[in-house]
Amino acid sequence: MAEIERETMEYDVVIVGAGPAGLSAAIRLKQLDADLEVVVLEKGSEVGAHILSGAVLDPCGLDALIPDWKEKGAPLNTEVKEDNFYMLGEAGEIRVPNLPMPPLMNNHGNYIVSMGNVCRWMAEQAEELGVEIFPGMSCSELVYGDKGEVKGVVAGVFGLEEDGSYGPNTEPGMELHGKYVFLSEGVRGSLSKEVIAKYDLQAGKDVQKYGVGMKEIWEIDPAKHKEGTVTHTMGWPLNSNAGGGSFIYHLENNQVYVGFVVHLNYKNPHLYPYMEFQRFKHHPMVAELLKGGKRVAYGARAITEGGYQSMPKLVAPGVALLGCSAGMVNVPRIKGNHNAMLSGKSAAEAAYAAIQTDRSGDELSEYETAVRDGDIGKDLKKVRNVKPMWSKWGLMPSLALGGLDMWTNTLFGLSLFGTLKHGKNDAESTEEASKHKEIDYPKPDGVLSFDRLTNVSFAATNHEESQPCHLRLADPNLPISTNLPKFNEPAQRYCPAGVYEVVEKDGKPEFVVNFQNCVHCKTCDIKDPSQNITWTTPQGGDGPNYPNM
Ligand SMILES: Cc1cc2nc3c(=O)[nH]c(=O)nc-3n(C[C@H](O)[C@H](O)[C@H](O)COP(=O)(O)OP(=O)(O)OC[C@H]3O[C@@H](n4cnc5c(N)ncnc54)[C@H](O)[C@@H]3O)c2cc1C
């Protein structure tokens with residue numbers, strides 16, 4: 001094939017992903033030096049289109065970045081007023097008192113926000129400072145320099161033929177080069193995955209862990225709406241099948257975020273995370289809240305859960321991993337946005353200092369140090385044992401011991417357990433179907449619960465059908481030859497968007513990939529027990545179009 005010719009653009013810093021991490025980095029770079037050339041590339045059709053957080057935002061990241069965010073009109077309109085935690089049984093609930101919880105679990109002083117809207121506002125701030133932001137631009141490849149460093153990305157490839165080849169309508173995209181490239185792609189970033197493997201950045205660290213988070217926005221009866229209320233639940237319907245839990249956040253305009261997270265280290269391949277979420281809404285406490293309301297949006301996204309011990313090395317020549325590309329979620333708090341912002345700020349400060357001394361294309365080790373020794377490291381270290389305890393000992397023991405561990409870490413800066421390990425990765429945790437019982441899920445009633453495809457239409461996701469399938473199977477036969485007999489092909493169930501199906505054709509099972517439905521959650525890339533599926537970027541602008549998620 002003839003060499004592909006691409007236009008090249010040169011920047012000081014190239015940033016992949018306009019989430020809180022990437023936008024914070026862009027803002028901080030321009031605050032430090034208005035003359036720096038900074039570009040942010042975002043695969044969503046607009047900034048915020050692919051952002052899905054809950055979200056209760058700890059404003060510490062924003063305070064550090066833009067101290068006068070209030071005066072500047074940041075959309076943090078709903079302060080948390082009430083914070084509830086419940087343990088659910090099938091027919092009832094027990095309120096867990098707030099008092100024994102360590103202070104880090106307290107949500108007072110935090111805000112219920114649409115992170116999509118916060119990112120839209122941050123993008124405006126960045127643009128006012130002179131940052132170039134290009135939405136609708138997927139970064140599909142890394143560009144390496146002569147010394148093996150990352151020197152840029154390829155973005156904006158459009159119109160590939162169905163088989164991935166170049167055709168008459170193909171636009172080859174551009175190469176964007178930078179003295180440094182920041183990968184702020186969020187959880188399980190596709191370029192970040194390549195960088196972690198190429199430079200062996202996970203060496204000496206624990207495996208990364210994940211959950212799949214699903215979320216709906218509901219408009220509810222104003223009489224039941226309590227703006228500023230945050231509710232978390234654990235227990236039913238998951239019980240011993242899997243770890244996870246729910247969140248219910250009352251934001252403005254009689255809207256409520258209803259979300260559910262299932263830890264992806266579950267063993268039983270018959271488990272159907274999406275149906276667990278739908279079933280959860282029939283709990284009497286939840287059903288009573290939602291009755292008479294309507295679901296107005298749906299989405300899903302994986303969430304990193306490995307925390308402190310799983311964060312890879314954050315830098316390699318020319319490149320740095322920011323936010324959830326490196327996994328900076330504080331699991332018991334279900335919060336990562338504050339750390340994403342703080343990491344963007346630290347990466348920007350390190351790159352600025354390096355560029356001042358004519359450095360480029362090397363390792364920003366100052367960034368690594370700032371994250372591990374600074375506020376992010378401290379935040380994650382205190383809670384590092386919560387997730388491994390839950391995986392090893394189940395919900396109730398881990399609640400008690402995890403609580404104790406968070407207290408000793410908070411009060412004395414130490415843990416009686418040291419740093420526990422996570423064990424297997426999530427793909428390896430899946431056991432053979434024959435070892436587990438099938439689970440009988442009730443049919444969605446169309447009022448409180450919905451079938452998957454109907455719900456996916458509320459994510460407004462869209463992919464040009466003529467492009468190559470962005471969900472690549474290393475071995476196209478494996479889903480039927482191995483995954484079906486061994487694991488009852490769990491892709492049919494773990495995907496929250498109904499992308500994967502096993503259908504019968506001419507009396508034989510056939511694996512179908514409806515990539516048009518994909519909401520870019522990345523669960524398949526994480527959970528496929530054979531690690532046969534690789535999520536790659538579809539062309540820019542495709543994917544979900546979340547409103548105020
Ligand atoms: C269900 C759920 C609930 C959560 N609740 C909360 C909460 O209440 N509070 C909280 O603080 N945190 C919460 N989190 C965690 C939070 O979402 C993450 O910590 C945060 O989003 C990380 O920010 P980020 O900038 O690293 O990545 P993201 O927010 O994921 O942003 C990454 C951006 O990069 C873009 N992108 C990715 N790859 C490419 C590419 N190759 N080319 C171009 N663009 C690309 C994406 O489209 C996206 O816009 C929740 C997460 C989930 C899944």
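As the structure lists them, so they are numbered: ligands from 1, and atoms in each ligand from 1. Residues take their numbers from the sequence shown, with the count starting at 1.
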Chemist: I'd like to check which ligand 1 atoms, numbered from 1 as shown, lie under 4.0 Å from a non-hydrogen atom of Ile303.
Modeler: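 Ligand 1 atoms under the 4.0 Å threshold to Ile303: 50 (C), 51 (C), 52 (C), 53 (C).
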Chemist: Quick one: does Gly259 get a heavy atom under 4.0 Å from ligand 1?
Modeler: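 So Gly259 does not count as touching ligand 1.
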Chemist: Are any of the N or O atoms of Phe247 closer than 3.5 Å to those of ligand 1?
Modeler: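 In this structure, Phe247 places no N or O atom under 3.5 Å from an N or O of ligand 1.
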Chemist: Hey, is Lys313 close enough to Glu368 for a salt bridge, meaning N to O under 4.0 Å?
Modeler: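 Not counted as a salt bridge, because no side-chain N and carboxylate O are separated by less than 4.0 Å.
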Chemist: Do Arg6 and Thr8 have side chains that approach each other closer than 4.5 Å (heavy atoms only, starting at C-beta)?
Modeler: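 Arg6 vs Thr8: side chains apart.
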Chemist: Using a strict 4.0 Å threshold on nitrogen-to-oxygen distance, state whether Arg188 and Asp525 make a salt bridge.
Modeler: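 Yes, Arg188 and Asp525 are salt-bridged.
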Chemist: Could you tell me whether Asp58 approaches ligand 1 through its side chain, its backbone, both or neither, with non-hydrogen atoms closer than 4.0 Å?
Modeler: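 Contact part for Asp58 vs ligand 1: neither.
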Chemist: Tell me yes or no: between the side chains of Gln467 and Asp542, is some donor less than 3.5 Å from an acceptor?
Modeler: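 Checked: Gln467/Asp542 side chains pair up, N/O donor to acceptor below 3.5 Å.
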Chemist: Below 4.0 Å from ligand 1: does a non-hydrogen atom of Gly189 turn up there or not?
Modeler: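 Outside the 4.0 Å threshold, so no.
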Chemist: With a 4.5 Å cut-off on side-chain heavy atoms, are Met549 and Ile217 touching?
Modeler: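 Yes, their side chains come closer than 4.5 Å.
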Chemist: For ligand 1, which atoms have a heavy atom of Val56 less than 4.0 angstrom away?
Modeler: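 Counting atoms of ligand 1 from 1, those under 4.0 Å from Val56 are 7 (C), 8 (O), 9 (N), 10 (C), 11 (O).
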Chemist: Against ligand 1, does Ala302 come closer than 4.0 Å with any heavy atom?
Modeler: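 The answer is yes: ligand 1 sits under 4.0 Å from a heavy atom of Ala302.
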Chemist: To which protein heavy atom is atom 37 (C) of ligand 1 closest, and what is the distance rounded to 0.1 Å?
Modeler: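 It is Glu185 O, 3.2 Å.
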Chemist: Using heavy atoms and a threshold below 4.0 Å, how should the contact between Ser140 and ligand 1 be classified: side chain, backbone, both, or neither?
Modeler: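 Within the 4.0 Å criterion, Ser140 makes no contact with ligand 1.
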Chemist: Within the 4.0 Å heavy-atom shell around Gly323, which atoms of ligand 1 are there?
Modeler: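 Here the atoms of ligand 1 in question are 26 (O).
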Chemist: Checking side-chain hydrogen bond (donor to acceptor under 3.5 Å, both in side chains) between Asn107 and each of Glu79, Glu82, Lys335, which is the one that passes?
Modeler: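 In the set Glu79, Glu82, Lys335, the residue that makes a side-chain hydrogen bond (donor to acceptor under 3.5 Å, both in side chains) with Asn107 is Lys335.
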Chemist: Are Lys522 and Tyr210 in a cation-pi contact, defined as NZ or CZ under 6.0 Å from the six-membered ring centre and within 45° of the axis?
Modeler: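 That pair does not qualify as a cation-pi contact.
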Chemist: Using heavy-atom distances only, which candidate in Lys43, Arg333, Arg301, Met341 approaches atom 45 (C) of ligand 1 most closely?
Modeler: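 It is Lys43 that holds the nearest heavy atom.
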Chemist: Just to check, does Val16 reach to within less than 4.0 Å of ligand 1 when the distance is taken from its heavy atoms?
Modeler: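 Per 4.0 Å heavy-atom rule, Val16 contacts ligand 1.
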Chemist: Identify whether the distance between the nearest side-chain nitrogen and carboxylate oxygen of Glu124 and Arg120 falls below 4.0 Å.
Modeler: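 A salt bridge is absent here (no side-chain N lies under 4.0 Å from a carboxylate O).
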Chemist: At the 4.0 Å heavy-atom cut-off, does Met137 count as touching ligand 1?
Modeler: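 A heavy atom of Met137 does come that close to ligand 1.
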Chemist: Starting from atom 14 (N) of ligand 1, find the nearest protein heavy-atom neighbour and note its residue, name and distance.
Modeler: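 Of the protein heavy atoms, Ser53 OG, 3.6 Å lies nearest.
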Chemist: Centre of Tyr257's six-membered ring, under 6.0 Å away, within 45 degrees of the axis: is that where NZ or CZ of Lys215 sits?
Modeler: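 Ring-cation test returns yes.
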Chemist: With only distance considered, is Asn337 within less than 3.5 Å of ligand 1 through an N or O on each side?
Modeler: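 Yes: some nitrogen or oxygen of Asn337 is under 3.5 Å from one in ligand 1.
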Chemist: For ligand 1, which atoms sit closer than 4.0 Å to a heavy atom of Val329?
Modeler: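 Numbered from 1, ligand 1 contributes 19 (O).
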Chemist: Ligand 1 versus Cys139, non-hydrogen atoms closer than 4.0 Å: side chain, backbone, both, neither?
Modeler: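 Contact part for Cys139 vs ligand 1: both backbone and side chain.
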Chemist: Below 30° counts as parallel, above 60° as perpendicular, anything between as tilted: where do the rings of Phe277 and Tyr298 land?
Modeler: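 Geometry flag for Tyr298 against Phe277: parallel rings.
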Chemist: Return the orientation label for the Trp69 and Tyr111 ring planes: parallel under 30°, perpendicular over 60°, tilted otherwise.
Modeler: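 If you compare the ring of Trp69 with that of Tyr111, the planes turn out perpendicular.
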Chemist: Do Arg333 and Asp379 sit within salt-bridge range, that is, some charged N less than 4.0 Å from a carboxylate O?
Modeler: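 Salt bridge flag = yes for Asp379 with Arg333.
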Chemist: Glu42 near ligand 1, heavy-atom distance under 4.0 Å?
Modeler: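 Contact present.
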Chemist: How far is atom 26 (O) of ligand 1 from its nearest protein heavy atom, and which residue and atom is that?
Modeler: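 Nearest neighbour among protein heavy atoms for atom 26 (O) of ligand 1, to 0.1 Å: Cys324 N, 2.8 Å.
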